[in-house]
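All ligand and atom numbering here is 1-based and tracks the order in the structure. Only heavy atoms go into these numbers, but all of them, side chains included; no hydrogens, no water, no symmetry mates. Along the sequence shown, residues carry numbers from 1.
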Amino acid sequence: MTTVLVTGASGLIGGHLCKRLSEEGYSVRVLGRSTSAVSPYEQFTWNVRDNVMDENAVKNVDYIVHLAGANISEGRWNESRKAEIVQSRVNSAKLLFDTVKNTDTKLKAFISSSAIGYYGAQTSETIFDEGHGPSTDFIGEVCKQWEEAAQHFEAVDMRTVMIRTGVVLTPQNGPLAKMVMPVKLGVGSGLGKGSQHLPWIHIEDLCNIYLKAIQDDAMNGPYNGVAPEHITNLDFTKTIGKVIGKKVWMPNVPSFVLKLLFGEMAVIFLEGSRVSSKKIEKAGLKFTHPTAHAALENLLK
Ligand SMILES: NC(=O)c1ccc[n+]([C@@H]2O[C@H](COP(=O)([O-])OP(=O)(O)OC[C@H]3O[C@@H](n4cnc5c(N)ncnc54)[C@H](OP(=O)(O)O)[C@@H]3O)[C@@H](O)[C@H]2O)c1
């Protein structure tokens, strides 16, 4: 049986992905900061801060999917939170690499999450594809270091794939639930100018990308994990309204309010450019939910 080790498996994406891998017949192992009495998977633990992990986690593993990382949109970005955001992704990837090396594990591929933040929190006319370089802002720097840490595997000839993920839409919890709530209450509105783009992806399509990254030996390097349709923040909010039968009529939330509420982190809501899905489509991925309307109908009805 093909064995996949997933880090950060208790999170939003990990929960869906592990279930899907299991349904597809993979043997799923999870590596986290603690164990759970109700997890259906074989569990192992690590402590990234102390640079220790249970070596047994990687023994006879075929693939690692690295999703772990301190949540970017929780807590204010003070210096210690920023350090946690970086280290939980970068030091964890290095710890995985050292453990794979020390145990002489022959991985078929190392697949890491990354984020569209790689291209920076900016609103521009550019449609970003995988050939564009990293931004020098905080999130751009996080993603650059995160991908460089994953590339340690590539340097020793293990296939390495990075998924630069957009906002992930799931049926419960996560970013979508936070966007739907004000619309339901009749106070939904665009954020800031509202004309910034919101690259997004339905969780089912994202799981399909991870599955493809496992199964397709031709996949290598970075791929944007975003839906093909480009949509602005305001149009996305209006589409939520249409799908749940609520009118979006409130004026946009001014930028300064978001900056007061979230500090530096407000850029992730206030800025956004279009991101291209062409590379993953060329690799053969067919999106199940290519438009925001279709995705929201599926998730909210
Ligand atoms: N959701 C999105 O819209 C989105 C968009 C772009 C990129 N991503 C990236 O995709 C990855 C998974 O996203 P997600 O939404 O599933 O994230 P999530 O719900 O926040 O879960 C991340 C998991 O990482 C582990 N973790 C948290 N803090 C950690 C720390 N300090 N050290 C080590 N592990 C830690 C936790 O797993 P344990 O408790 O089991 O250890 C947690 O459940 C993240 O790296 C995220 O940045 C997500």
Inset, instruction - Enumerate the atoms of ligand 1 whose separation from the nearest heavy atom of Val167 is less than 4.0 angstrom. - result: 3 (O)
Legend entry - Contact summary for Leu12 and Pro175, nearest pair of heavy atoms: CD2-CD, 3.9 Å
Inset, instruction - Name the closest protein heavy atom to atom 21 (O) of ligand 1, giving the residue it belongs to and the distance to 0.1 Å. - result: Gly11 CA, 3.3 Å
Inset, instruction - List the closest protein heavy-atom neighbour of atom 46 (C) of ligand 1: residue, atom name, distance to the nearest 0.1 Å. - result: Arg89 NH2, 3.7 Å
Legend entry - Element-labelled atoms of ligand 1 that are located less than 4.0 Å from some non-hydrogen atom of Glu84: 30 (C), 31 (N)
Inset, instruction - Verify the distance criterion only: is there a donor paired with an acceptor across the side chains of Arg164 and Tyr119 at less than 3.5 Å? - result: yes
Legend entry - Contacting atoms of ligand 1, where contact means under 4.0 angstrom from a heavy atom of Gly32: 40 (O), 41 (O)
Inset, instruction - Identify the protein heavy atom lying closest to atom 36 (C) of ligand 1, giving its residue, its atom name and the separation to 0.1 Å. - result: Arg33 NH2, 3.4 Å
Legend entry - Stepwise salt bridge (Lys or Arg N to Asp or Glu O under 4.0 Å) check, Arg159 with Glu154: CA-CA 6 Å; Arg159 190 165 67 83; Glu154 195 177 288; over 6 Å; no
Legend entry - Gln145 and Glu141 side chains, donor-acceptor separation under 3.5 Å: yes
Inset, instruction - Determine, considering heavy atoms only, which of Ser10, Ser73, Pro199 sits nearest to atom 38 (P) of ligand 1. - result: Ser10
Legend entry - atom 17 (O) of ligand 1 - nearest protein heavy atom and its distance: Leu12 N, 4.4 Å
Inset, instruction - Determine, step by step, whether Glu264 and Lys259 satisfy the salt bridge (Lys or Arg N to Asp or Glu O under 4.0 Å) criterion, reporting the C-alpha distance in whole Å, the side-chain angles of both residues, the deciding distance to 0.1 Å, and the verdict. - result: CA-CA 7 Å; Glu264 187 185 341; Lys259 285 179 187 157; over 6 Å; no
Legend entry - Heavy-atom nearest neighbour of atom 5 (C) of ligand 1 within options Gly15, Pro175, Gly225, Gly166: Gly166
Inset, instruction - Examine ligand 1 and decide if any of its atoms is less than 4.0 Å from a heavy atom belonging to Ala70. - result: yes
Legend entry - Atoms of ligand 1, numbered as shown, that sit under 4.0 Å from any heavy atom of Val168: 1 (N), 2 (C), 3 (O), 4 (C)
Inset, instruction - Determine, stepwise, if the pair Asn71 / Arg81 fulfils side-chain contact (heavy atoms from CB on, under 4.5 Å). - result: CA-CA 10 Å; Asn71 198 295; Arg81 184 68 189 162; 4.1 Å; yes
Inset, instruction - Please report which non-hydrogen protein atom sits nearest to atom 30 (C) of ligand 1, along with the residue it belongs to and the distance in Å to one decimal place. - result: Ser88 CB, 3.5 Å
Legend entry - Trp146 to ligand 1, any heavy atom closer than 4.0 Å: yes
Inset, instruction - Using salt bridge (charged side-chain N to carboxylate O under 4.0 Å, His left out) as the criterion, list what pairs up with Asp50, not counting sequence neighbours. - result: none
Legend entry - Sub-3.5 Å N/O-N/O distance, Leu67 and ligand 1: yes
Inset, instruction - Give the residue and atom name of whichever protein heavy atom lies nearest to atom 22 (C) of ligand 1, and the separation in Å to one decimal. - result: Gly69 O, 3.6 Å
Legend entry - Side-chain heavy atoms of Val180 within contact of Leu300, under 4.5 Å: yes
Inset, instruction - Determine whether the side chains of Ser277 and Glu281 contain a donor N or O and an acceptor N or O closer than 3.5 Å. - result: yes
Legend entry - Heavy atom of the protein closest to atom 10 (O) of ligand 1 (residue, atom name, distance): Ser113 OG, 3.0 Å
Inset, instruction - Please write down residue, atom name and distance for the protein heavy atom closest to atom 48 (C) of ligand 1. - result: Ile13 CD1, 3.7 Å
Inset, instruction - Check the side chains of Glu271 and Thr123 for a donor-acceptor pair under 3.5 angstrom, ignoring hydrogens and angles. - result: yes
Legend entry - Trp200 contact mode with ligand 1 (heavy-atom cut-off under 4.0 Å): neither
Inset, instruction - Number the atoms of ligand 1 from 1 as they appear, then name those within less than 4.0 Å of a heavy atom of Ser114, with their elements. - result: 7 (C)
Inset, instruction - Can you sort out which atoms of ligand 1 are near Asn71, meaning under 4.0 Å from one of its heavy atoms? - result: 20 (O)
Inset, instruction - State, without any angle test, whether Thr232 and His197 hold a side-chain donor-acceptor pair at a distance under 3.5 Å. - result: no
Legend entry - Short side-chain donor-acceptor distance under 3.5 Å, Arg49 and Asn91: no
